[in-house]
Amino acid sequence: MIEVRNITKRYGHLTAIDRVTFRVEKGEVLAFLGPNGAGKTTTMRILTSFIPATEGTAQVAGFDCADQPDEVKKRIGYLPETPPVYQELTVFEYLAFVGKLRGLSGADLTAGMNRVMERLSLGSVRQRLIANLSRGYRQRVGLAQALIHDPPVLILDEPTVGLDPKQIIEIRELIKSLAGSHSVILSTHILPEATAVCQRVVIINGGRIVAEDTPDQLSARLRRSEKISVTLKAPPANVLERFRTVAGVEHVMTTPDPRTILIECALGRDIREEVARFAVGQDWGLLEMKPVAMTLEDVFLKLTQREDGLSKADDATESERH
Amino acid sequence: MVYPKRTTPPKVNDTNAMPPVQAIIAKELRSYFVSPIVYVVGSVFLLTFGFLAYLYIVFTGAQAIQLMQMQGGTAQINLNDLVFRNLFASMRFVLLLILPILTMRLLAEERKLRTFEFLMTAPVRVSEIIVGKFISVYLVFIGMLLLTTLVPLTLALFSDFDWYPVLTGYLGMTLLGGFFLAVGLFASSITENQIVAAFTSFGLLLMCWLLAGLGSLLGDTPAGHVVSYLSFMEHFDHLVRGLVDTKDLVYYVSGTVLMLFLAHRVVDSSRWK
Ligand SMILES: Nc1ncnc2c1ncn2[C@@H]1O[C@H](COP(=O)(O)OP(=O)(O)OP(=O)(O)O)[C@@H](O)[C@H]1O
Ligand SMILES: [Mg+2]
């Protein structure tokens, strides 16, 4: 549905995005993840035909974003970074206006308006002026605007910014429910959001794509070993050496909590049983044992900070490795 | 010859849909009447019109009394020449001052409040946006003009005058106003700052006005004629005197179209940066 090939966008000397390539299949939800200034908004503006790419091609539903903007615009719903609302209109008037610009009329228009007002819980504010709405409500009105004509492709620039936790969950559910029938691309710098709603994540940093995969695969790929954290009631002074004797253990590390120890083994091996039996056999008082998964957050920080030479995600554990 | 198959059928049917221009006009009118701008500009316009009309009538009355004292008996006074011509001529300046205030928000505000991105990514043509916005502000202006007809209608109750030059005067105001509004819309397209937009249109219109001065300076030369033709002064004078000449109509209509075209170009190219 969305196909981006080698697009570059330069503003004067500044390269906002640099040879970005990715695609979104029909029915897929893709997260565009990156820190501030990474080029997320720029990429989305190119996809919506708002600005042209300096180089490369972008296609939506088979239509070129630069050459056939009219066809592209008909097929997308777009939530820009700032919700594009008219302060002087009521929610109802605004949605009616948007629907008409989108070519809806009569029963279709009413149905579309009712559907989005219900899904975004806007019923209670329908007659209020948008100028008097809170930020979260304006964001919801902006989302309603993108959904009113039920477009096959949705481009959402930070859709959950400014929402309260309950609404964030509702909006994520809404986006998940769009998967299958709609192609969605959403940008965010919140990691759990990407994991929660998306089948695939593209991580962009400094205008370049640094990784692209499913959330699970991404964390697995960057994980070089399995880690388990073990908390003991009474660890002896030489606990690190003692654990090293257990078969399969490769590294043993301390953590800021003196009672908790991090044990590392080769990827794909599960040594929890051996470790547990050993700890119990030594009568150290095994309080807790759990696998430590590398979160997407770690992956994200690792990928986006590697270039600067400071990998904070690694500092905590790896400096204590040997 | 095989035609490439359409990948997706168009999602919306355009046959019974309300054309976007109509939706834009309705929305713009709504925005105008929710904000205080229209009420302030409208009141200033109507009060100035009424006050100037009153001044000219009183002045004319004083002249009539003088004439009667000098000549004795009844003197003919001409409302057309002494009231309406002066009134319309003064309104030119008033329109120049207040119409940019009406137009300054049209496009600048969209940019400032980031609704511009929405408009440009909606399936609407730039020409539809420009025309819709122009028509809406034109309707507001024509509404204001219609209210001023109370003055000639009231005068008609008490005195006798020739309606024809009054009507052509109104035609002149309508055409002149349309041109001013188009200049204002163009000025609003080049900036996101409404004050800058207003002053740009003042500037452009004043320059256009000063061309008349330059024209009369050059006198009866080809260059003089061209320069005078370019100013809106001369054309308006003809209409106020009751002379309807195609040349004058062409001047206003083409000036208006040119300005709308320029605004279109600016909006169309602004996203290609
Ligand atoms: N109109 C513009 N003119 C000049 N530079 C621009 C323009 N728009 C964006 N940029 C630059 O391009 C880069 C990418 O910006 P972009 O807005 O795409 O980032 P982003 O990933 O959306 O960031 P954020 O998370 O803060 O929204 C930034 O360095 C920005 O300064
Ligand atoms: Mg952004």
Side-chain angles (χ1 to χ4, degrees), chain A residues 1 11-12 26 41 44-45 47-52 59-63 66 69-90 93-94 96-109 112 129 131 142 145-146 149-153 155 157, chain B residues 4-38 105-107 109-129 132-133 136 192 267-273:
Chain A
M1 271 316 240
Y11 292 107
K26 194 170 189 314
T41 301
M44 294 189 150
R45 286 185 169 157
L47 282 175
T48 54
S49 298
F50 181 59
I51 54 172
Q59 287 188 340
V60 171
F63 295 99
D70 295 344
E71 297 298 325
V72 170
K73 287 175 189 174
K74 272 186 214 163
R75 287 165 179 82
I76 53 168
Y78 175 40
L79 171 69
E81 207 164 30
T82 317
V85 291
Y86 292 101
Q87 315 261 342
E88 68 274 15
L89 301 185
T90 64
E93 287 168 337
Y94 174 69
F97 172 60
V98 174
K100 284 173 195 160
L101 282 196
R102 289 285 178 187
L104 298 176
S105 62
D108 290 346
L109 180 62
L129 283 182
Q145 167 273 130
H149 52 301
D150 198 23
V153 176
I155 297 177
D157 203 347
Chain B
K5 237 175 62 190
R6 247 205 164 113
T7 38
T8 11
K11 239 191 80 11
V12 290
N13 69 354
D14 325 9
T15 46
N16 63 352
M18 186 183 187
V21 176
Q22 252 169 286
I24 291 174
I25 295 173
K27 187 249 141 203
E28 288 299 327
L29 286 177
R30 169 92 193 135
S31 300
Y32 267 123
F33 285 97
V34 175
S35 83
I37 286 194
V38 161
R105 58 165 283 276
L106 280 173
L107 286 159
E109 195 181 39
E110 303 266 5
R111 284 188 206 265
K112 188 88 184 174
L113 299 179
R114 306 287 161 151
T115 45
F116 188 68
E117 195 166 345
F118 156 74
L119 269 190
M120 299 308 285
T121 53
V124 190
R125 291 200 194 89
V126 174
S127 54
E128 290 171 328
I129 298 171
K133 287 190 175 262
S136 67
E192 62 167 50
V267 170
D268 204 33
S269 65
S270 63
R271 62 191 159 137
W272 296 108
K273 273 185 202 146

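Protein chains get the first letters and strands the later ones, always in sequence-line order, with residue 1 at the start of each.
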Heavy-atom distances under 4.5 Å only: say whether A:E81 touches chain B with side chain, backbone, both or neither. neither
Determine the option with the most heavy-atom pairs under 4.5 angstrom with chain B, choosing from A:D70, A:T48, A:L129. A:T48
Atom CZ of B:F33 and atom CD of A:E88: how far apart are they, to the nearest 0.5 Å? 13.5 Å
What distance separates B:S35 OG from A:Q87 CD, expressed to the nearest 0.5 Å? 13.0 Å
Against chain A, work out which of B:T121, B:V34, B:V124 has the most heavy-atom pairs shorter than 4.5 Å and name it. B:T121
Could you grab the distance from atom NZ of A:K73 to atom CE of B:M120, nearest 0.5 Å is fine? 5.5 Å
Less than 4.5 Å to any heavy atom of chain B: does that hold for the side chain of A:V85, its backbone, both, or neither? backbone
Structural part of B:L119 lying under 4.5 Å from a heavy atom of chain A: side chain
Nearest non-hydrogen partners of B:A23 and A:L101, listed with the distance: CB-CD2, 4.3 Å
Among the listed options B:R114, B:E110, B:E117, B:E109, the residue most often paired with chain A at heavy-atom distances under 4.5 Å: B:E117
Aromatic plane relationship, A:F50 with B:F116 - under 30° parallel, 30 to 60° tilted, over 60° perpendicular: perpendicular
Minimum heavy-atom distance between A:L89 and B:K27, given as atom pair plus value: CD1-CG, 3.9 Å
